[in-house]
2 protein chains.
Amino acid sequence: MTVNGRHSGRPTLEEVAARAGVGRGTVSRVINGSPRVSDRAKAAVEVAVAELGYVPNRAARALAGNRTDAIALVIPEPETRLFAEPYFSDIIRGVGAELADTDMQLLLTLIRTPKERSRFAQYLSAHRVDGVLLVSVHEDDPLPDLLEQLDMPAVLNGRRSDLESVSYVDSDNVGGARSAVGYLLGRGRRAVATITGPVDMYVARCRLDGYRQAVGAAGLGDDASLVARGDFTEEGGRRAMRELLARRPDVDAVFAASDVMASGALQVLREAGRRVPDDVALIGFDDSVIARHTDPALTSVRQPIEEMGRTMARVLLEEIAERTSVRRHVVLATELVRRDSA
Amino acid sequence: MTVNGRHSGRPTLEEVAARAGVGRGTVSRVINGSPRVSDRAKAAVEVAVAELGYVPNRAARALAGNRTDAIALVIPEPETRLFAEPYFSDIIRGVGAELADTDMQLLLTLIRTPKERSRFAQYLSAHRVDGVLLVSVHEDDPLPDLLEQLDMPAVLNGRRSDLESVSYVDSDNVGGARSAVGYLLGRGRRAVATITGPVDMYVARCRLDGYRQAVGAAGLGDDASLVARGDFTEEGGRRAMRELLARRPDVDAVFAASDVMASGALQVLREAGRRVPDDVALIGFDDSVIARHTDPALTSVRQPIEEMGRTMARVLLEEIAERTSVRRHVVLATELVRRDSA
DNA sequence: AGAGATCGTGGGAGCGCTCTCACGCACGGT
DNA sequence: ACCGTGCGTGAGAGCGCTCCCACGATCTCT
């Protein structure tokens, strides 16, 4: 049941050429959108392509053209679990949306063991993708450096530090934290505490910075007794909140650097008999599912995750297209989503 | 520059062969694990491969071998949002784990528009993947039929009906619902209601069936006034719960076919002044993040999602390996996770 | 001991593209 | 009229692999 052909497969370039009455080269030019083709030839080829239902063979193209038309989305596993839940799918949604009109393929690569990491390095040097999207980079992650060294187009989601050299797309963690704390201060709260993430994570430091900036801008001194260290887990949030309550019984607002920690803090506040938001206002970060389901629902800082995914893909495609290795750094704005907890 | 000289790329099969002092064919046999190679030749090749850091060129292999060593994970978009959030990442985690020791690539394909759907169909007929993993099939989804028609190895996550012909991996929705309801009955609840999903979804019907089986087994009649229809949304859960409360003020337990609906029901119960679990016991389904963060935390039926992902991948690989198209149907057990709501 | 069967092996013939080059042909300028 | 100059074009030469066939060497079995 092959169209009218002798062999049992998909039509090839050659067959299209024969049908259109042109050479292989001309068909190739039309397929790849080269301008140096006469209108007549182009039309003929397009007809033949349509009639035969021709679709280029990716492998052949990759082999001849020395490219792959594929990019990898790399996810270091340990992270995934920690993530605010919709994060992952939102990033993918964004990347997918941006890639939809391209014929780039999206390869998913999970890395959870050192073995898989080195496997991936090998993978990269075998040039099996045209570019890499790296989610949730750690400060001590060697992958970005490897990517840079191999001169492989790459875009990080987040960055390792202020000095990040590899291209990245990040959300404005500092600004988000600052506006959350600013909001609390604006509502007359005076003893505004914060529960931080692990301070060896850049993103945690940024949120703490934002807190400090807002507090400083309000003319309040930097009071260490209002800063408790968490670790982005619920239990960590509980612990930090207990600490805060012990140190500063007068606390009237808390900015937690993640919804998960805020959720933990909320439990402790309730147990301690503090009403939220009446006695203590509470703001989280991430605007995750959790935020909508706690009682009261959490006011939280939303990151434009899907937009980040889209931007990452766009930036990567640009970087692949122009072969120069100009780094791009994009920081997207966050948004304070007001609910009931503050 | 490339003919037989040192070119600037990765080592090729040919170079490995030269270095090992054997022919191209022999190297290929070693690489692909063919048994018909002498130990001596095999050792020599392995040394050469290691020394040169040889990694086979995927495109060349695909072109010559007429396969791709890639499978697609297809996600119909409208669904994704509905999903209990960790679902998606858990499936991916499972698939990834199973694929880790293979050199199969995982391609992610989002389908959100009819245009993308037809694009994907074309993609399939161009044979760009060796197999397909299809998440969250709808009953009227034409994709599985297309897959079957193209004779493309495929595994569904869930099934369209009892008569599903394509291979699938599903969780035991009927059994999960039955055990949840059985648990409620076992604790002495007598007016056990259920909030169903949309009845045009197979999974929703299964959970309703499980409910009916448990109620029937307890010798209680099938009481339509205890069945309220939801739609897997929170608002649907609220509406159904109000309905239930109006019809049966004596209701003392509710089995909701999803955590999201259970969360909605919980709000209505609280507003109505019913204590959970004292007055009304409540069980959800999915064991999602939400379940852990409501107050009280939801007892819920857990699906082994990651295990489903793993199984899907394993089944697909088998199906690709043996070219026969024997269908496989795997149903994995669920587990009742007891928390505070029942 | 001879005839087959079996094994390991090398290398030719592609797989379906892209790249490149050289060939016409139509122009413009002189 | 002449010669460039440019454009559109066809086709050869690979890209790096797998498949397959044929070859000699070894191993059976009568």
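Each chain gets a letter, A, B and so on, in the order the sequences are listed, and its residues count up from 1.
- Side chain of A/Ser167 to main chain of A/Arg328: a donor-acceptor pair is present (N/O by atom type, distance under 3.5 Å, no hydrogens or angles).
- Among all heavy-atom pairs drawn from A/Ala62 and A/Thr68, the shortest one is CB-CA, 4.3 Å.
- Of the candidates D/dG16, C/dG16, D/dT18, C/dG16 carries the atom nearest the A/Ala64 side chain, counting heavy atoms from C-beta on.
- For the pair A/Arg61 and A/Asn32, the tightest heavy-atom approach, listed with the atom from each and the gap, is NH2-OD1, 3.5 Å.
- Checking D/dG8, C/dC17, D/dT18 against the side-chain heavy atoms of A/Ser38 singles out D/dG8 as nearest.
- What separates CG of A/Asn66 from P of C/dT18 is a distance of 13 Å, to the nearest Å.
- The number of heavy-atom neighbours closer than 6.0 Å to CG of B/Asp140, taken from other residues, nucleotides and ligands shown, is above 12.
- Rounding to whole angstrom units, CD of residue B/Glu14 and C1' of C/dG10 are separated by 11 Å.
- With the end axes of the helix from C/dA1-D/dT30 to C/dT30-D/dA1 each set by five pairs, the angle from one to the other reads 30° at 10° resolution.
- A/Leu13 has its CG atom 15 Å from the C1' atom of D/dG12, to the nearest Å.
- Within 4.0 Å (heavy atoms only), B/Arg24 reaches at least one base atom of the nucleic acid.
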* Asked: Nucleotide by nucleotide, 5' to 3', does protein get under 4.0 Å of the base (B), only the sugar-phosphate (S), or neither (-) in nucleotides 21-26 of chain C, counting heavy atoms?
  -> ------

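- Following rounding to the nearest Å, B/Arg61 (CZ) and D/dG16 (P) show an atom-to-atom distance of 14 Å.
- The aromatic rings of B/Tyr168 and B/His329 sit parallel to each other, their planes meeting at less than 30°, with 60° as the upper class boundary.
- OP1 and OP2 of C/dC17 both lie 4.0 Å or more from every side-chain N or O belonging to A/Ser28.
- When heavy atoms are screened at a 4.0 angstrom cut-off, B/Ala41 is found touching the sugar-phosphate backbone but no base atom.
- Between the B/Glu164 side chain and the B/Val166 main chain, a donor and an acceptor come within less than 3.5 Å of each other.
- In this structure, CD1 in A/Ile92 is found 7.5 Å from CG in A/Leu106, a value given to the nearest 0.5 Å.
- Counting to the nearest Å, the C1' atom of D/dT9 and the CZ atom of A/Arg36 are 11 Å from each other.
- One finds a side-chain N or O of B/Asn32 lying less than 4.0 angstrom from the OP1 or OP2 phosphate oxygen of D/dT18.
- Residues A/Asp170 and A/Tyr202 bring no donor and acceptor atom of their side chains to less than 3.5 Å of each other.
- Counting all heavy atoms, side chain and backbone alike, A/Ala44 lies closest to A/Ala20 at O-CB, 3.7 Å.
- If you measure from atom CZ of A/Arg58 to atom P of D/dG16, you get 20 Å, rounded to the nearest angstrom.
- Of all heavy-atom pairs spanning A/Met308 and A/Ile91, the tightest one is CB-CD1, 4.4 Å.
- Rounded to whole angstrom, the span from the CZ atom of A/Arg10 across to the P atom of C/dC15 amounts to 16 Å.
- One atom, OH of B/Tyr54, and another, C1' of D/dG16, lie 7 Å apart when rounded to the nearest Å.
- Put simply, A/Thr26 has a side-chain N or O that comes within less than 4.0 Å of OP1 or OP2 on D/dG10.
- Checking D/dC17, C/dG16, C/dT18 against the side-chain heavy atoms of A/Leu63 singles out C/dG16 as nearest.
- Closest to the B/Thr12 side chain, of the nucleotides D/dT18, C/dT18, D/dG16, is D/dG16.
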